[in-house]
*Asks:* 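Shown below is the structure under consideration.
The chains referred to below are lettered A, B, ... by the order of the sequence lines, with proteins before strands, and numbering in each begins at 1. Since this is a predicted model, take the numbers as computed values, not measurements.
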There are 2 protein chains.
Amino acid sequence: MSEAATQTYTRADEAFDCLQTAIVKGDLAPGEKIGEVELCSRFNLTRGPLREALGRLESRGLLVRRPHAGVKVVSVSAEELLELYRIRETMEGLAARQAAERMTDEEIADLQATLDSHEKMIEEAQGQAYYQAEGDYDFHHRIATGSRNTKLAQMLLGDLYYMVRMYRYRLSTSSGRPHMALGEHRRIAEAIAQRDGELAEFLMKRHINAARKNIEKRIQNGTAGV
Amino acid sequence: MSEAATQTYTRADEAFDCLQTAIVKGDLAPGEKIGEVELCSRFNLTRGPLREALGRLESRGLLVRRPHAGVKVVSVSAEELLELYRIRETMEGLAARQAAERMTDEEIADLQATLDSHEKMIEEAQGQAYYQAEGDYDFHHRIATGSRNTKLAQMLLGDLYYMVRMYRYRLSTSSGRPHMALGEHRRIAEAIAQRDGELAEFLMKRHINAARKNIEKRIQNGTAGV
DNA sequence: TCTATCGTTATTGTCAACAATCCATAGATT
DNA sequence: AATCTATGGATTGTTGACAATAACGATAGA
């Protein structure tokens with residue numbers, strides 16, 4: 001959640017984190033038009049740092065801001081959410097390939113250990129979708145950073161994942177997939193451990209593709225009013 | 001260069017554009033540590049809008065900012081530049097595929113007309129690398145927007161291209177490639193016109209891969225002190 | 001009754017002063 | 001002589017007030 005050792009935690013950073021989690025968790029509903037002073041009083045901030053945070057959020061695509069007309073949380077349509085997964089498919093495929101080539105042995109061991117704890121979490125917290133989502137996020141996070149591709153990790157972690165997580169809170173992860181996803185994670189980790197970049201890329205793409213199809217199906221069933 | 005009809009052009013937008021072009025053109029050298037007041041006097045701005053622009057630039061990865069320690073333009077290593085092209089390869093491959101499926105007939109006609117004018121520009125301005133670079137940018141820009149994938153276009157146009165252009169100004173485009181690149185562009189456009197997404201994706205990936213190898217070679221030859 | 005124009009009002013954009021923090025230089029100590 | 005510490009200066013972060021702008025409502029005309 002928190003970045004590395006930010007030497008000094010400035011007010012603008014605080015505002016940024018507050019707003020970001022608020023948007024991701026849905027405390028600020030998509031499409032909701034909200035004023036700056038309102039936000040200030042709600043998060044105990046002044047307008048300076050707030051505006052700076054707003055600018056950062058805007059360039060990350062989490063909210064739109066029309067001059068003199070206020071800010072509103074971005075509302076992504078169902079089609080756009082699926083497009084997001086298409087992007088993830090290619091980018092994370094690349095990340096997996098590079099991770100297989102570049103992760104240290106320790107990192108790989110950690111990755112596999114992480115999967116063990118995920119398995120326990122799923123068994124214990126049956127249906128507790130939240131922990132599953134966090135575990136999934138953790139897995140993909142490790143691979144993104146493991147790619148040693150600075151910009152790639154930055155784009156995945158800074159841009160895409162926040163939007164994906166934002167919609168996880170509404171379309172809480174589907175009931176059947178956790179076990180299946182864990183198995184797919186295992187196979188990906190295996191491929192990385194064997195330093196088989198091509199296979200890791202293939203498996204990762206298929207993994208995300210499956211997740212996309214799953215969402216697609218649920219949307220068509222009318223489960224979600226995205 | 002300029003985005004769509006920004007209803008009101010605010011001071012912060014001005015600052016953002018100024019700084020961005022300054023960074024891209026190299027007026028602000030990479031690694032250069034520069035103070036806020038210095039920037040203000042240089043671009044006739046006040047610190048408010050400037051800081052907002054700084055925040056946006058930072059989250060786009062064009063500069064880094066340590067609290068109380070000033071901002072400095074990001075300096076990308078040769079390896080990172082090559083990594084950038086790996087990202088482009090996958091993302092623009094996707095963009096080309098989706099563009100083949102979704103661009104309107106008019107857009108495709110425009111795209112091909114654009115290539116004609118590019119050809120003229122190359123012939124007329126022999127060795128004028130600048131125009132070639134702009135033409136190349138134009139081509140890729142059209143395909144990114146033609147993908148009808150909002151987030152994909154945003155990431156390509158907002159994040160990657162600025163960094164790529166930034167290094168184009170130092171590693172001015174190689175002498176031999178313009179004609180070759182134009183031919184590759186032609187074939188990609190052809191595939192899009194035939195609505196062959198798979199082929200368009202393949203050709204685009206190969207096109208960017210070739211560009212990457214070209215840069216790689218030039219770096220090894222010691223032509224560029226990135 | 002509907003539409004268009006105008007004025008008000010509230011919200012955002014901008015500015016300049018204040019406070020907090022870090023960097024560098026100079027001094028003292030080991 | 002080298003290193004650690006402390007103080008001064010400069011720079012950034014923050015705050016509150018001021019000005020510009022667009023949305024909203026009211027009024028008049030069709």
*Asks:* To the nearest angstrom, how far is K33(A) atom NZ from dT12(C) atom C1'?
*Replies:* 13 Å
*Asks:* side-chain contact (heavy atoms from CB on, under 4.5 Å) with L160(A): which residues, sequence neighbours excluded?
*Replies:* L84(A), I87(A), R88(A), M91(A), L156(A), K151(B), M155(B)
*Asks:* Sugar-phosphate means primed atoms, P, OP1 and OP2; the rest is base. With that split, encode nucleotides 7-14 of chain D 5' to 3' as B, S or - using protein heavy atoms under 4.0 Å.
*Replies:* -----BBB
*Asks:* Go through DNA chain D and write down every stem, that is, every run of at least three consecutive Watson-Crick or G-U wobble pairs with distances under 3.5 Å, as range with range.
*Replies:* C:1-30 with D:1-30
*Asks:* With sequence neighbours excluded, tell me which residues meet side-chain hydrogen bond (donor to acceptor under 3.5 Å, both in side chains) with E58(B).
*Replies:* none
*Asks:* Which residues satisfy the side-chain contact (heavy atoms from CB on, under 4.5 Å) test with E83(B), sequence neighbours excluded?
*Replies:* Q98(A), R102(A), N149(A), R86(B)
*Asks:* Find the distance K72(A):NZ to dT12(C):C1' and express it as a whole number of Å.
*Replies:* 16 Å
*Asks:* Figure out the CZ/P separation between F16(B) and dG13(C), and round it to whole Å.
*Replies:* 16 Å
*Asks:* Could I get the full list of side-chain hydrogen bond (donor to acceptor under 3.5 Å, both in side chains) partners for E80(A), not counting sequence neighbours?
*Replies:* S77(A), T150(B)
*Asks:* Provide the closest heavy-atom pair for L111(B) versus A189(B) in the form atom of the first, atom of the second, distance.
*Replies:* CD2-CB, 4.0 Å
*Asks:* The criterion is salt bridge (Lys or Arg N to Asp or Glu O under 4.0 Å); which residues satisfy it with E79(A), sequence neighbours excluded?
*Replies:* none
*Asks:* Which residues pass the side-chain contact (heavy atoms from CB on, under 4.5 Å) test with A15(B), sequence neighbours left out?
*Replies:* L45(B), A53(B)
*Asks:* Can you name the residues that form a side-chain contact (heavy atoms from CB on, under 4.5 Å) with A100(B), not counting sequence neighbours?
*Replies:* I192(B), A200(B)
